[in-house]
2 protein chains.
Amino acid sequence: MHCRHAMIWASLERTLQDRHNVGASEYEVLDRLAEATHGKLRVQELADAVCLSQSALSRLIARLESAGLVVRAMCDMDRRGIFVEMTGEGRSRHAEARSTHLAVLGEMLTDQWVVPPSLSKSAGPKA
Amino acid sequence: MHCRHAMIWASLERTLQDRHNVGASEYEVLDRLAEATHGKLRVQELADAVCLSQSALSRLIARLESAGLVVRAMCDMDRRGIFVEMTGEGRSRHAEARSTHLAVLGEMLTDQWVVPPSLSKSAGPKA
DNA sequence: AGCAATTTAATGCAGATGCATTAAATCCCC
DNA sequence: GGGGATTTAATGCATCTGCATTAAATTGCT
């Protein structure tokens with residue numbers, strides 16, 4: 001029932017990780033940030049956008065930060081809130097990953113009735 | 001992009017776990033076994049059916065076995081292979097969980113434009 | 001028959017996730 | 001203004017997952 005989607009997601013995960021050192025969830029966060037006005041969003045806004053638990057998102061942001069792709073900044077309007085802002089590095093990483101993302105989606109949507117799962121073995125799609 | 005599906009899956013996960021003490025992946029395995037002739041399948045056949053890595057499936061089966069829902073049995077045709085067979089307990093658990101599974105799916109498909117994610121907070125759907 | 005290549009399932013290990021809890025800041029009602 | 005309820009983000013903890021490796025059994029080629 002959820003296999004098709006899981007395969008696409010797994011393929012995104014593998015390929016993005018291999019080529020750009022970014023997981024699929026991480027890419028999704030970068031994507032939301034890229035869409036945002038100034039590449040800057042509050043953690044909570046991200047939480048509404050990405051379908052991860054709050055804790056998972058928190059740690060994901062920590063990973064992105066230590067990778068230098070985003071920075072966390074205090075929010076002076078509401079000092080509970082934290083802004084997450086893309087760095088230049090983050091922007092370029094996202095830009096690179098974006099084409100891969102689209103490529104994988106396209107490929108999966110055309111190849112799904114031809115290519116086996118490539119989950120158990122190491123036959124990563126296009127890798 | 002994958003949020004709708006992830007929400008449905010998460011909801012299945014939560015609800016099946018809460019009500020029947022069975023995860024969504026575990027349910028899926030039980031379901032494949034239930035469909036099988038004699039409620040019995042080789043590990044590899046399951047692997048082809050459920051979209052999990054081989055190792056994850058192996059451990060999942062171990063969990064199901066310690067829960068008493070399946071048993072592993074040697075396969076005398078090919079002594080590398082392992083048969084996974086539902087127990088009576090496994091059958092009834094699956095039967096119980098099946099209605100929940102259907103209920104959640106139906107609910108999500110009708111409520112998805114009304115109900116918020118219910119992921120971050122403890123507002124599990126229907127729980 | 002003999003032996004390398006392959007297939008099958010289990011396991012070590014590291015990483016990601018979710019739940020529950022925690023700490024800080026804000027809100028709101030008195 | 002004061003104090004409890006609420007919101008926001010981080011963290012401890014347990015669990016699940018996938019990759020790489022391993023061990024056993026089978027297959028196939030000579």
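Remember, it's a predicted structure, so these values are computed and weren't measured experimentally. Within every chain, numbering begins at 1; the chains are lettered A, B, ... in the order of the sequence lines, protein sequences first and strands thereafter.
Rounded to whole Å, atom C1' of C:dG15 lies 12 Å from atom CG of A:Leu60.
Applying the 4.0 Å criterion to OP1 and OP2 of C:dA9, one finds that B:Gln54 has every side-chain N and O outside that range. Applying the 4.0 Å criterion to OP1 and OP2 of D:dT17, one finds that B:Ser25 has a side-chain N or O inside that range. Put simply, A:Arg63 has a side-chain N or O that comes within less than 4.0 Å of OP1 or OP2 on C:dA16. Contact annotation: A:Arg14 does not reach the phosphate of D:dT17 (side-chain N/O to OP1 or OP2, under 4.0 Å).
Atom CG of A:Leu46 is separated from atom CZ of A:Phe83 by 11.0 Å, given to the nearest 0.5 angstrom. Residue A:Arg93 holds its CZ atom at 4.5 Å from CG of A:Leu69, rounded to the nearest 0.5 Å. The line from CD of B:Gln17 to OG1 of B:Thr100 is 12.0 Å long, rounded to the nearest 0.5 Å.
Set against D:dA10, D:dT8, D:dT17, the side chain of A:Gln44 has D:dT8 as its closest nucleotide.
Residues from residues 69-86 of chain B that place a heavy atom under 4.0 Å from any atom of DNA chain D, listed by number: B:Asp78, B:Arg79, B:Arg80.
Under the side chain to side chain contact (heavy atoms under 4.5 Å, CB included) criterion, B:Ala36 pairs with B:Leu41, not counting sequence neighbours.
Between B:Arg42 and A:Leu57, the one whose closest nucleotide on DNA chain C sits nearer the 5' end is B:Arg42.
Base contact: A:Arg59 has a heavy atom under 4.0 Å from a base atom.
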